[in-house]
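Each remark here refers to the structure printed beneath this line.
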There are 4 protein chains.
Amino acid sequence: MNEPGARDRILAAAEELFADCGFDATPTSRIAERAGVPKGLVHYYFKRKPDLLTALVERLPEDRLDPAHVVVPGDVAASLHRLVDVLDRSLDSSAMLSHLLWREADTHPAVLDALRSRFGRLVEQIRAVVAAAQPRCAAADVDSAAHLLASAVSYRHSVARHAEDGQDTMHRELRFLADALAAGAGA
Amino acid sequence: MNEPGARDRILAAAEELFADCGFDATPTSRIAERAGVPKGLVHYYFKRKPDLLTALVERLPEDRLDPAHVVVPGDVAASLHRLVDVLDRSLDSSAMLSHLLWREADTHPAVLDALRSRFGRLVEQIRAVVAAAQPRCAAADVDSAAHLLASAVSYRHSVARHAEDGQDTMHRELRFLADALAAGAGA
Amino acid sequence: MNEPGARDRILAAAEELFADCGFDATPTSRIAERAGVPKGLVHYYFKRKPDLLTALVERLPEDRLDPAHVVVPGDVAASLHRLVDVLDRSLDSSAMLSHLLWREADTHPAVLDALRSRFGRLVEQIRAVVAAAQPRCAAADVDSAAHLLASAVSYRHSVARHAEDGQDTMHRELRFLADALAAGAGA
Amino acid sequence: MNEPGARDRILAAAEELFADCGFDATPTSRIAERAGVPKGLVHYYFKRKPDLLTALVERLPEDRLDPAHVVVPGDVAASLHRLVDVLDRSLDSSAMLSHLLWREADTHPAVLDALRSRFGRLVEQIRAVVAAAQPRCAAADVDSAAHLLASAVSYRHSVARHAEDGQDTMHRELRFLADALAAGAGA
DNA sequence: CATGAATGAGATTTCATTCAT
DNA sequence: CATGAATGAAATCTCATTCAT
């Protein structure tokens with residue numbers, strides 16, 4: 001009784017096919033076929049093919065949450081921990097979609113724009129949580145913290161395009177490995 | 001006098017256009033146009049369009065190096081440091097190419113295979129350096145160290161598809177940020 | 001008012017052009033042109049060019065007939081005569097089509113298969129007529145008679161590929177000619 | 001030491017491929033490949049692709065024979081029998097080639113012309129044998145006999161295009177089959 | 001609202017042929 | 001003589017999009 005409507009079936013089909021074959025290599029006719037709807041209906045709901053992509057952006061979990069649910073007044077660390085836990089839980093449900101959108105963002109400005117504005121909303125949200133947990137924080141600090149955390153979340157949400165942070169991680173690993181090997185060899 | 005041959009001009013044009021527009025959205029005719037060659041010549045050198053992609057894989061810097069140049073006998077850490085420095089230097093020259101290949105690997109198995117076999121060769125190379133620097137290391141340790149390091153290099157080379165290691169990094173960052181904010185707020 | 005639909009006009013055009021120039025030497029664009037339809041419509045109805053050939057096979061007169069119309073109970077010879085007369089009449093209407101299909105069967109397995117299954121249906125039909133005319137015939141005799149007659153009909157329908165039976169005919173002709181010449185010369 | 005020259009290898013390769021795939025569907029590059037010669041050499045020996053077809057016509061056994069070998073003076077029948085035996089022996093060696101040429105004759109006037117002129121020479125040859133065996137024959141009789149026999153030979157040589165003569169054969173078979181079935185049923 | 005036939009621009013690919021070496 | 005890179009015309013096929021019903 002709760003079977004999804006044609007529009008939703010089309011979007012679900014598009015998501016699968018775009019993930020597998022890429023946007024450009026997926027004909028709208030194949031989307032219609034997989035969704036089990038006539039070809040004309042795809043263009044009835046989505047006048048141009050790229051509209052499917054922008055509609056998919058809106059399918060991303062909004063990561064909207066009531067700050068009151070996570071804020072621990074006076075404890076920023078605990079508040080952020082709880083925030084990240086909530087955000088993380090919504091990640092897994094949209095891993096494929098996030099990955100495909102991010103891949104297409106390179107070549108589809110509309111997707112890039114959408115992802116960017118999503119990012120902006122995420123920053124705002126974090127800022128709100130921090131402000132609620134610790135109202136006396138300096139605005140500039142809150143800003144950069146919110147931005148950093150939004151980056152980290154988005155990074156894991158869709159895989160970072162540029163991995164500038166890998167440097168330290170790598171040298172730490174490097175030292176660790178060398179030590180471990182030296183220890184093993186010395187034994 | 002040393003102007004590149006037609007085949008190279010075609011590959012260079014393909015690299016630029018694939019990076020900008022994506023593989024599927026780039027007509028071979030546009031590649032020919034930008035390379036300044038007739039359309040037929042593209043297919044003379046590359047029977048099928050995806051062959052351009054696999055040819056591009058071979059254009060990645062081979063990261064081949066003479067182990068003797070980096071090995072510091074008895075000092076694995078220093079050897080690896082020097083190895084990574086050398087590998088890093090070749091990264092920058094192919095950042096765009098690496099990124100585009102990795103993006104297309106999702107939908108082009110041939111590219112994925114090529115990148116995978118490249119990875120295998122990289123592991124071998126690292127193993128050789130470690131073995132030369134410290135011959136008494138346990139084989140299993142050398143194996144895992146080589147694999148870890150190859151992963152890290154490839155990750156930065158083309159952006160990891162799955163960032164399983166991000167978890168710890170993130171919680172460390174999180175704590176740091178909370179502390180920093182608390183300290184700032186307390187001042 | 002009864003003007004044929006686009007699909008039929010395409011097939012008619014293909015039949016004419018294939019007969020004149022051969023399958024491979026006929027561009028689909030010329031078929032569209034002669035049929036008075038846009039190029040894309042040919043591929044809308046016939047995904048691949050060889051599909052035109054298999055569709056053409058189905059245009060052959062089916063040689064289906066109601067056994068009751070030709071069977072003379074108790075008289076196999078008369079029944080078969082009437083059957084052959086009926087089959088012959090449908091031959092002339094498709095002489096060109098039959099010839100072209102048989103020519104292309106050499107290089108298009110799909111056509112060969114289709115012609116073969118048509119042949120099988122023809123055998124069944126003859127068997128049915130014989131059985132109705134003379135129910136007491138031995139099954140094996142009916143089988144071979146049906147096969148022989150189907151061969152002869154198909155042979156004239158589309159020209160036999162191998163003329164194994166020509167041997168006797170020829171020696172008979174040869175003797176006849178020699179006799180005729182000898183008689184003429186002796187006069 | 002007797003290995004065939006490049007030109008012959010090209011023709012042999014063309015014969016095989018034309019027989020399998022048809023003239024139009026066989027690229028010259030594939031002919032070169034199968035012949036084991038560089039692509040340019042095919043066009044070096046055969047400026048245009050259809051020249052391969054006309055060269056193949058000349059590869060047909062010429063059916064030239066010294067009338068003295070078959071003529072039995074005064075016995076036309078015996079003379080023709082011996083002539084046909086000789087001609088038959090050359091058939092088997094070129095069955096594939098004959099078949100493919102005849103198939104392509106429909107669409108390649110040059111082949112049709114070549115086959116026609118071959119036919120003319122065959123008629124002349126037969127006429128010469130008849131005339132030598134029985135010089136007093138009426139010219140008109142000799143003409144028609146020669147033409148009939150040349151037809152029969154060519155028919156078997158390459159399969160007749162239209163089988164107008166099948167009618168009688170068929171009704172004879174028909175009567176025979178009906179009789180046979182009636183006899184079998186009556187037993 | 002929904003449909004699928006129709007359209008035509010344009011993509012990939014093939015290939016005979018030329019020609020400089 | 002022989003070669004294979006180069007050429008470009010043309011073929012097959014794809015597909016987003018439109019539109020009459």
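Only this structure's heavy atoms are used, side chains among them; waters, hydrogens and symmetry mates stay out. Numbered from 1 within each chain, the chains take letters A, B, ... in sequence-line order.
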**Complete:** C/Asp51 CG to F/dC13 C1', in whole Å, measures 12 Å

**Euclidean distance, atom CZ of residue B/Arg9 to atom P of F/dA5 [Å, nearest integer]** = 15 Å

**Nearest listed nucleotide, side chain of A/Pro38, among E/dT12, E/dT7, E/dT3** = E/dT3

**Message:** What is the distance, to the nearest angstrom, from the CD1 atom on D/Ile31 to the P atom on F/dG4?
**Reply:** 17 Å

**Whichever of C/Leu41 and D/His43 has its nearest DNA chain E nucleotide further upstream toward 5'** = C/Leu41

**Heavy-atom donor-acceptor pair, B/Lys39 side-chain to E/dT13 base, under 3.5 Å** = yes

**pair A/Asp24-A/His108: side-chain heavy atoms closer than 4.5 Å** = yes

**Prompt:** Does the side chain of A/Tyr44 get closer than 4.0 angstrom to OP1 or OP2 of F/dC19 through an N or O atom?
**Reply:** no

**Prompt:** Phosphate oxygens OP1/OP2 of F/dC13: is one of them under 4.0 Å from a side-chain N or O of C/Arg48?
**Reply:** yes

**Message:** On the nucleotide F/dA2, are OP1 or OP2 found under 4.0 Å from the side-chain N or O atoms that D/Tyr45 carries?
**Reply:** yes

**Request:** Mark yes or no for whether A/Asp113, through its side chain, and A/Ala110, through its backbone, hold a donor-acceptor pair below 3.5 Å.
**Result:** no

**Asked** Can you tell me how far C1' of E/dT14 sits from CD of D/Glu33, to the nearest Å?
**Response** 14 Å

**Message:** Let's see if you can work this out: which of F/dT12, E/dC15, F/dA6 has an atom nearest to the side-chain heavy atoms of D/Pro27?
**Reply:** E/dC15

**Asked** Quick one: B/Lys47 NZ to E/dA11 C1', roughly how many Å, whole number?
**Response** 17 Å

**Fill in**
Whole-Å distance, A/Phe46 CZ to E/dA2 C1', equals 15 Å

**Request:** Write down the atom of C/Lys49, the atom of C/Thr26, and the distance for their closest heavy-atom approach.
**Result:** NZ-O, 2.8 Å

**Complete:** Taken to the nearest whole Å, CG/A/Leu53 to P/F/dA16 is 13 Å

**Nucleotide of F/dT12, F/dA10, E/dT17 approaching D/Thr28 most closely (side-chain heavy atoms)** = E/dT17

**Message:** Treating A/Glu104 as the side-chain partner and A/Phe23 as the backbone partner, does any N or O pair qualify as donor plus acceptor under 3.5 Å?
**Reply:** yes

**Whole-Å gap separating P (E/dA6) and CZ (C/Arg7)** = 11 Å

**Fill in**
Heavy-atom closest pair (A/Arg34 atom, A/Ala13 atom, distance to 0.1 Å) is CG-CB, 3.9 Å

**Message:** Strictly below 4.0 Å: does B/Lys49 bring a side-chain N or O up to OP1 or OP2 of E/dT12?
**Reply:** yes

**Request:** Identify the nucleotide, in any strand shown, that forms a Watson-Crick or G-U wobble pair with E/dA20, with both distances under 3.5 Å; if there is none, say none.
**Result:** F/dT3

